[in-house]
Structure formats: C-alpha cells, structure tokens
Peer 1: 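Please read through the structure below; I'll follow up with questions.
Just so it is clear, the model here is predicted, and its values are computed rather than measured.
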Amino acid sequence: MERKVKTQVNGFRTMDGAGVKLVRVLGHATTDEFDPILMLDSFDSVNPDDYTAGFPMHPHRGIETVSYVFKGRMMHKDNLGFQDTIGDGEVQWMTAGSGILHEERLPASERMLGVQLWLNLPAKYKMVKPEYNAIKNEQIKEIPFDGGMVRLLAGEYKDHKGYQGKYLPLNYYDIELEPNASITIDTKSDDSIMLFTLLSDAEVSGEHIREKTAVKLTEGDSVTIKALDKKAKFLFMGSKRLDESISWGGPIVMNTEEELRHAFFELKTGTFIK
C-alpha cells in the first residue's frame, strides 16, 4: 500500500541561541504526529548576520540532536572535551542522555543551509551516558539511481548500511532528483516516516508539496516522490513511534513533570552533569 500525505507543516520564523534566525518547522505542537522527532529547525541564509551569533554553551537531557549541514559549517564544543567541525554534506549526532553542555558556532559561509532534528530518547535510555559523533563525507555512501542520488546519512537503504544510532533506529537520507525524475522508496509498514523538502517543490504520492515543508506520511510500504521542473532535494526520515508521555521544558525532554523539575533542580544546584 502506498503511503499518502497525512500532514504538512511549514513552521514559523523565529530566533534562538544568541540571535540565530531560523524556521522552527516542528516543535511542541507536533510531537504526537511526528513521534519520535520532537523538533526540526531549518536554516537557509546567505547573510552571515542571520546565524554567526551561534548557540552559546547550553544544557540538554533526554534527547539526541542530529544536525545536517548541506552547505556551510557547524563547530561543536562540549563539556566532555569534544571539539569538532562539520562542513558541506556532513552530520553531527549528539546524544545528550543524562546531561551534556555544548555550544554550536556557525562561521560565515557563502550559504548556510541545513536542518537540526531533535530525536526523542526512549524512557529507558533517557539517562544514558552522553556522547558526540560526527558523520563525515567519507562515511556517507552515495547511491546513484536513474534520475538522482541517495546520500545515506544514517541507518539503512536497501542493502547499504550507514551510521547506526544506538538507542532508536533512524533511516536518514538526503535525496536529490533531477527535473521530472522520481523515486519510490520501500518502507516497513509500521515505521514513522516523514519528509522535508529542502530545496524546490516536489510531488509526494501525487500531491504538490512546497519547498521547506515537513510532511508526515500515512502507514504503508512505499512512497513515491517526484521532482517538478527544477532539480529537487528532500530529506527522508524513518524511525519508530515511541508513544510515551513527554514533559518538555526548553532544552530538556523527559517523560514526567517530576523528572523535568528534578532536571532543572540539578541544573540550579550544579549536579546536572553525571
């Protein structure tokens, strides 16, 4: 059965960090529909003043952040001692787990284009040991097909395997389509599948989707995406619903209000980092 478009979300313009202009596509209002993806922020600017203020040191607990920089650079530094920079086409995967402090700087570039996802951690893994991983270009398989290419950012695609998340599966693809080309992606019928049109409009299961739109799909075992009269680029994200309660306060996502209050108490008393 072919998956259809269930929900479309365009988000809203906002500022975060020290004054980074972005579009918050997914957030508090979409957690159930897009479970287990909590948040999706979209960055697209040719004006460095929109983003070079960056995100000063701040805490996280209970989530994983997955940042994909298609164009530009992102510099990471955390309390674990990790410092790293990703650039054009690379990914940062940070497991906040029991608690991490990190900062992200976005140096000036010709264009800053990418997205950051917040992937919810299952309740049993909320307090795992934090860690940082970078997925560099040499680790990302590029799989050509007639009319385009799949870049396997994480997970699996057909017989190909990429970086694997430890706590929740995530199949994450960057797919480029030539004008009027199409691709049909096979999916497990019970997977939670979403798309994001990063560049240009596209057609999803026969429905016109505008650029920079998050699309939640119905259940099914395949989805067909078609470019229109321009080259199109979209992101595919497939995972498993958690169907767990969410208590979300700023940079921390737990399962109960008591857990959330305790996390902020630990931040206040200096016992947040384990």
Peer 1: Could you check Lys216 against Asp32 for salt bridge (charged side-chain N to carboxylate O under 4.0 Å, His left out), going step by step and ending with a plain yes or no?
Peer 2: CA-CA 11 Å; Lys216 185 65 171 64; Asp32 181 64; over 6 Å; no
Peer 1: With rounding to the nearest 0.5 Å, note down the distance linking CG in Leu195 to CG in Leu217.
Peer 2: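 Result: 4.5 Å between the selected atoms.
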Peer 1: Taking 4.0 angstrom as the limit, do Lys166 and Glu131 come out as a salt bridge?
Peer 2: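 Yes, this pair counts.
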Peer 1: Could you tell me whether the side chains of Tyr157 and Arg151 share a donor-acceptor contact shorter than 3.5 Å?
Peer 2: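 No, Arg151 and Tyr157 have no side-chain donor paired with an acceptor closer than 3.5 Å.
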Peer 1: Applying side-chain contact (heavy atoms from CB on, under 4.5 Å), can you list everything that pairs with Glu103, at least two apart in sequence or on another chain?
Peer 2: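 side-chain contact (heavy atoms from CB on, under 4.5 Å) list for Glu103, sorted by chain: Met57, Lys77, Arg105.
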Peer 1: Would you call Lys230 and Asp201 a salt bridge, using N to O less than 4.0 angstrom?
Peer 2: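 Looking at Lys230 and Asp201, the cut-off is not met.
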Peer 1: Treat each ILVMFWY residue as a node, draw an edge where side-chain heavy atoms are under 4.5 Å apart, and state whether Val69 and Val20 are in one component.
Peer 2: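 Yes; Val20 is reachable from Val69 via cluster members.
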Peer 1: For Thr184 and Thr224, does a side-chain donor sit closer than 3.5 Å to a side-chain acceptor?
Peer 2: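 There is such a pair between these side chains.
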Peer 1: Mark yes or no for whether Ser98, through its side chain, and Lys274, through its backbone, hold a donor-acceptor pair below 3.5 Å.
Peer 2: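 No: the side chain of Ser98 does not pair with the backbone of Lys274.
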Peer 1: To the nearest 0.5 angstrom, please state how far the NZ atom of Lys141 sits from the CE atom of Met149.
Peer 2: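 Output value for this atom pair is 14.5 Å.
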Peer 1: Does any non-hydrogen side-chain atom of Ile37 lie less than 4.5 Å from one of Leu119?
Peer 2: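 Yes, their side chains come closer than 4.5 Å.
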Peer 1: Sequence neighbours excluded, which residues qualify as side-chain contact (heavy atoms from CB on, under 4.5 Å) partners of Leu199?
Peer 2: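 Leu199: side-chain contact (heavy atoms from CB on, under 4.5 Å) contacts with Phe70, Arg111, Leu113, Glu211, Lys212, Lys233.
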Peer 1: Hey, what do you get for CG (Leu170) to CD (Glu156), rounding to the nearest 0.5 Å?
Peer 2: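 Here the interatomic distance stands at 11.5 Å.
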Peer 1: Evaluate the side-chain hydrogen bond (donor to acceptor under 3.5 Å, both in side chains) criterion for residues Asp78 and Tyr132: first the C-alpha distance (whole Å), next the side-chain angles of each, then the deciding distance (0.1 Å), finally the verdict.
Peer 2: CA-CA 9 Å; Asp78 62 42; Tyr132 170 85; over 6 Å; no
Peer 1: Are the side chains of Leu38 and Leu26 in contact, using a 4.5 Å heavy-atom criterion?
Peer 2: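 Answer no - side chains too far apart.
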Peer 1: Do the non-hydrogen side-chain atoms of Phe145 and Ile143 ever get within less than 4.5 Å of each other?
Peer 2: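 Phe145 does not reach Ile143 side chain to side chain.
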Peer 1: Between His102 and Ile100 (side chain of the first, backbone of the second, donor and acceptor by atom type, cut-off under 3.5 Å), is there such a pair?
Peer 2: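 Not a single qualifying donor-acceptor pair exists.
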Peer 1: Tell me whether Trp248 contacts the main-chain N or O of Gly250 through its side chain, where contact means a donor paired with an acceptor under 3.5 Å.
Peer 2: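 Side chain of Trp248 to backbone of Gly250: a pair is present.
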Peer 1: Can you check salt bridge (charged side-chain N to carboxylate O under 4.0 Å, His left out) on Asp16 and Arg24, steps first, answer last?
Peer 2: CA-CA 10 Å; Asp16 206 340; Arg24 181 140 296 155; 2.8 Å; yes
Peer 1: Can you tell me how far the CG atom of Asp44 sits from the NZ atom of Lys21, to the nearest 0.5 Å?
Peer 2: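 These two atoms lie 14.0 Å from each other.
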Peer 1: When rounded to the nearest 0.5 angstrom, what is the spacing between OH in Tyr173 and CD1 in Ile140?
Peer 2: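 So the OH of Tyr173 and the CD1 of Ile140 are separated by 14.0 Å.
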Peer 1: Looking at side-chain heavy atoms only, is the closest gap between Arg73 and Ser109 below 4.5 Å?
Peer 2: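 The answer is no, as the side chains (C-beta and beyond) never meet within the 4.5 Å cut-off.
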Peer 1: Salt-bridge test for Glu259 and Arg261: reply yes if a basic N is under 4.0 Å from a carboxylate O, no otherwise.
Peer 2: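 Arg261 and Glu259: not salt-bridged.
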Peer 1: Consider only side-chain heavy atoms of I, L, V, M, F, W and Y, link residues closer than 4.5 Å, and tell whether Phe236 and Val215 are in one cluster.
Peer 2: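 Phe236 and Val215: one cluster.
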Peer 1: What about Met39 and Leu260, same hydrophobic cluster or not, with Ile/Leu/Val/Met/Phe/Trp/Tyr joined at side-chain heavy-atom distances under 4.5 Å?
Peer 2: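 Different clusters.
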Peer 1: Run the salt bridge (charged side-chain N to carboxylate O under 4.0 Å, His left out) test on Asp221 and Arg3 for me, step by step, so that the C-alpha distance in whole Å, both residues' side-chain angles and the decisive distance to 0.1 Å come before the verdict.
Peer 2: CA-CA 7 Å; Asp221 52 23; Arg3 291 178 182 260; over 6 Å; no
Peer 1: Run Phe82 and His76 through ring-ring contact (aromatic ring centres under 6.0 Å, His included) and show every step you take.
Peer 2: CA-CA 8 Å; Phe82 291 110; His76 166 97; 7.5 Å; no
Peer 1: Taking atom types as modelled, find out whether Ser247 and Glu257 have a side-chain donor-acceptor pair closer than 3.5 angstrom.
Peer 2: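 The criterion, which ignores hydrogens and geometry beyond distance, is satisfied for Glu257 and Ser247.
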Peer 1: Passes side-chain hydrogen bond (donor to acceptor under 3.5 Å, both in side chains), Glu90 versus Gln139? Steps please.
Peer 2: CA-CA 9 Å; Glu90 297 181 328; Gln139 301 168 262; over 6 Å; no
Peer 1: Would you tell me whether His262 and Glu258 have side-chain atoms, one donor and one acceptor, within less than 3.5 Å of each other?
Peer 2: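 On atom types as modelled, these side chains do not qualify, holding no pair under 3.5 Å.
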Peer 1: Is the backbone of Ile193 close enough, under 3.5 Å, to the side chain of Asp191 for a donor and an acceptor to pair up by distance?
Peer 2: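 No; judged by distance alone, with no hydrogens or angles, the pair does not exist.
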Peer 1: Consider only side-chain N and O atoms of Gln92 and Glu104, and report whether a donor and an acceptor are under 3.5 Å apart.
Peer 2: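 No, no side-chain donor-acceptor pair sits under 3.5 Å.
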Peer 1: Take atom NZ of Lys226 as the centre, draw a 6.0 Å sphere, and report whether it contains more than 12 heavy atoms from other residues, nucleotides or ligands.
Peer 2: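 Yes, because the 6.0 Å sphere around NZ of Lys226 holds more than 12 heavy atoms from other groups.
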Peer 1: Taking the side chain as C-beta and beyond, is there a heavy-atom pair between Leu228 and Glu203 under 4.5 Å?
Peer 2: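 Heavy-atom side-chain distance check passes, below 4.5 Å.
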Peer 1: Might you point out which heavy atoms bring Leu106 and Phe55 nearest each other, and give the distance in Å?
Peer 2: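 Looks like CD1-CE1, 4.0 Å.
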Peer 1: Identify whether Leu80 and Leu267 are in the same connected component of the hydrophobic contact network (ILVMFWY, side-chain heavy atoms under 4.5 Å).
Peer 2: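 Shared cluster, no.
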Peer 1: So which heavy atom on Asn120 is nearest to which on Leu168, and how close?
Peer 2: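 Looking at all heavy atoms of both residues, the closest pair is O-CD2, 3.6 Å.
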Peer 1: Check Asp84 with Lys136, please: is the shortest side-chain N to carboxylate O separation under 4.0 Å?
Peer 2: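 Yes, charged N to carboxylate O under 4.0 Å.
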Peer 1: Between Ser245 (side chain only) and Asn255 (backbone N and O only), is there a donor and an acceptor less than 3.5 Å apart?
Peer 2: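 At least one qualifying donor-acceptor pair exists.
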Peer 1: Taking NZ, NE, NH1 and NH2 as the nitrogens, is one of them in Glu207 or Lys4 under 4.0 Å from a carboxylate oxygen of the other?
Peer 2: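 Salt bridge between Glu207 and Lys4, a charged N being under 4.0 Å from a carboxylate O: no.
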Peer 1: For the residue pair Asn47 and Ser45, what are the closest heavy atoms and their distance?
Peer 2: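 Nearest heavy atoms, Asn47 then Ser45: N-OG, 3.0 Å.
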Peer 1: Are Tyr172 and Ser239 side-chain neighbours, meaning at least one heavy-atom pair lies under 4.5 Å?
Peer 2: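 Heavy-atom side-chain distance check fails, nothing below 4.5 Å.
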Peer 1: Please answer whether the main-chain N or O of Gly155 pairs with a side-chain N or O of Gln164 as donor and acceptor at a distance below 3.5 Å.
Peer 2: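 Yes: the side chain of Gln164 pairs with the backbone of Gly155.
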Peer 1: Answer yes if the side chains of Asn171 and Lys188 hold a donor-acceptor pair under 3.5 Å, and no otherwise.
Peer 2: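 Side-chain D/A pair, Asn171 to Lys188: absent.
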Peer 1: For salt bridge (charged side-chain N to carboxylate O under 4.0 Å, His left out), just list the numbers for Lys6 and Glu33, CA-CA rounded to whole Å, side-chain angles, deciding distance to a tenth of an Å, and then say yes or no.
Peer 2: CA-CA 9 Å; Lys6 183 179 181 183; Glu33 187 78 79; 3.3 Å; yes
Peer 1: Is Asp146 atom CG crowded by more than 12 heavy atoms from other residues, nucleotides or ligands, each under 6.0 Å away?
Peer 2: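 Counting neighbours around CG of Asp146, 12 or fewer heavy atoms of other residues, nucleotides or ligands fall under 6.0 Å, so no.
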Peer 1: State whether a side-chain donor-acceptor pair under 3.5 Å links Tyr68 with Asp174.
Peer 2: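 Distance-only check passes for Tyr68 and Asp174.
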Peer 1: Determine whether the side chains of Asp186 and Ser222 contain a donor N or O and an acceptor N or O closer than 3.5 Å.
Peer 2: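 Not at all, the side chains of Asp186 and Ser222 share no donor-acceptor pair under 3.5 Å.
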Peer 1: For the atom pair CZ (Phe272) and CZ (Phe264), what is the distance rounded to the nearest 0.5 Å?
Peer 2: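 One finds 8.0 Å between CZ of Phe272 and CZ of Phe264.
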Peer 1: Under a 3.5 Å threshold, yes or no: a donor from one side chain and an acceptor from the other, between Glu64 and Trp118?
Peer 2: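 Looking only at side-chain atoms, Trp118 and Glu64 do not form any donor-acceptor pair under 3.5 Å.
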Peer 1: Counting only heavy atoms not in Arg210, do more than 12 fall under 6.0 Å of its CZ?
Peer 2: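 It does not: Arg210 CZ has 12 such atoms or fewer within range.
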Peer 1: Taking C-beta and beyond as the side chain, do Asp41 and Val115 meet within less than 4.5 Å on heavy atoms?
Peer 2: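 Side-chain contact under 4.5 Å: no.
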Peer 1: Taking Leu152 as the starting point, is it possible to reach Ile225 by hopping between hydrophobic residues whose side chains are less than 4.5 Å apart?
Peer 2: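 Yes, it is one cluster - the side chains of Ile225 and Leu152 are joined through contacts under 4.5 Å.
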Peer 1: For the backbone of Phe265 and the side chain of Thr269, can you confirm whether one donor and one acceptor N or O come within less than 3.5 Å of each other?
Peer 2: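 Checking the backbone N and O of Phe265 against the side chain of Thr269, a donor-acceptor pair under 3.5 Å is found.
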Peer 1: In the structure I gave you, are the side-chain heavy atoms of Val9 and Phe34 within less than 4.5 Å of one another anywhere?
Peer 2: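 Yes. Closest side-chain heavy atoms under 4.5 Å.
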